[in-house]
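Below: one structure, written as structure tokens.
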Amino acid sequence: ERERAEAAEGEVALLRDLADASGAQAGAGRSEVARLEDEIRDATLHAAQLQVSLVAAESQVEERGDLVERLRLEVQGLREDHHALSLQAAQLERQVVELEGVLAGAEAQQRAAAAQQEALESA
């Protein structure tokens, strides 16, 4: 009987040790689960922050694209204005040359008229 009692006590002690070890493993497992849940929350928060950053970056790209398009159109308008002004300047230069020719002719006529008048006066 005594041997059975001692054997039973040994089994009880062994079962208690196993229960304690299982409890320790369960506690460690719960700690690991809690740590992993914290990591998941952190990763989820970081993903949300990245999504917000991505949306902001996409908005900036869109705004800059609009700005580039407006500037492209403005440059195109300025080129068209420059072309029109160049044509107008060339036309004005031709008119100046024509007017210089008319002026030279008028001056020549004026000199001829002055010479005739002088000739008439001296005669």
Side-chain angles (χ1 to χ4, degrees):
E1 272 294 316
R2 187 181 235 204
E3 286 179 11
R4 270 198 202 167
E6 286 177 2
E9 284 178 13
E11 283 184 37
V12 168
L14 181 61
L15 289 173
R16 280 189 187 138
D17 288 345
L18 286 174
D20 289 345
S22 294
Q25 284 180 339
R30 283 191 288 275
S31 294
E32 182 65 11
V33 167
R35 185 187 67 76
L36 291 173
E37 286 174 342
D38 287 345
E39 284 185 24
I40 290 170
R41 274 192 296 277
D42 290 346
T44 302
L45 177 62
H46 187 65
Q49 290 169 338
L50 289 175
Q51 181 65 31
V52 168
S53 296
L54 177 63
V55 169
E58 287 172 342
S59 176
Q60 287 179 349
V61 165
E62 187 176 317
E63 289 172 4
R64 289 181 179 155
D66 291 347
L67 176 61
V68 166
E69 181 62 19
R70 282 195 312 270
L71 290 174
R72 189 189 66 74
L73 291 173
E74 188 173 333
V75 166
Q76 181 181 351
L78 291 172
R79 283 183 179 147
E80 290 170 0
D81 291 349
H82 177 264
H83 181 70
L85 289 173
S86 294
L87 292 176
Q88 187 178 9
Q91 182 181 4
L92 289 173
E93 286 176 9
R94 286 191 300 274
Q95 287 177 348
V96 165
V97 169
E98 289 174 13
L99 289 175
E100 285 174 342
V102 170
L103 179 61
E107 288 174 345
Q109 285 179 350
Q110 184 181 15
R111 283 192 301 276
Q116 282 181 350
Q117 184 178 1
E118 198 175 301
L120 287 174
E121 288 176 357
S122 40

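Every value quoted in this text rests on a predicted model; they were computed, and no experiment measured them. Both backbone and side-chain heavy atoms feed into the values below; hydrogens, waters and symmetry mates do not.
- Side-chain contact check for Q49 versus L45: some heavy-atom pair is nearer than 4.5 Å.
- Rounding to the nearest 0.5 angstrom, the gap separating the CD1 atom in I40 from the OG1 atom in T44 is 7.0 Å.
- Residue E32 places its CD atom among more than 12 non-hydrogen atoms of other residues, nucleotides or ligands, all under 6.0 Å distant.
- Atom CZ of R64 sits about 10.0 Å away from atom OG of S59, to the nearest 0.5 Å.
- Around atom CD of E62, no more than 12 heavy atoms belonging to other residues, nucleotides or ligands sit under 6.0 Å away.
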Practice problem: List the steps, then state whether side chain to side chain contact (heavy atoms under 4.5 Å, CB included) holds for L78 with H82. | Solution: CA-CA 6 Å; L78 291 172; H82 177 264; over 6 Å; no
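- Taking CZ of R30 as the start and CD of E37 as the end, the distance is 12.5 Å to the nearest 0.5 Å.
- Shown here is R16, whose CZ atom has no more than 12 heavy atoms of other residues, nucleotides or ligands within 6.0 Å.
- Atom CD of residue Q95 and atom CD of residue Q88 lie 9.0 Å apart, to the nearest 0.5 angstrom.
- Here the straight-line distance linking atom CG of L36 with atom CZ of R41 works out to 11.0 Å at 0.5 Å rounding.
- Screening residues 69-84 for salt bridge (Lys or Arg N to Asp or Glu O under 4.0 Å), with sequence neighbours left out, gives E69-R72.
- Taking NE2 of H46 as the start and CD of E39 as the end, the distance is 13.5 Å to the nearest 0.5 Å.
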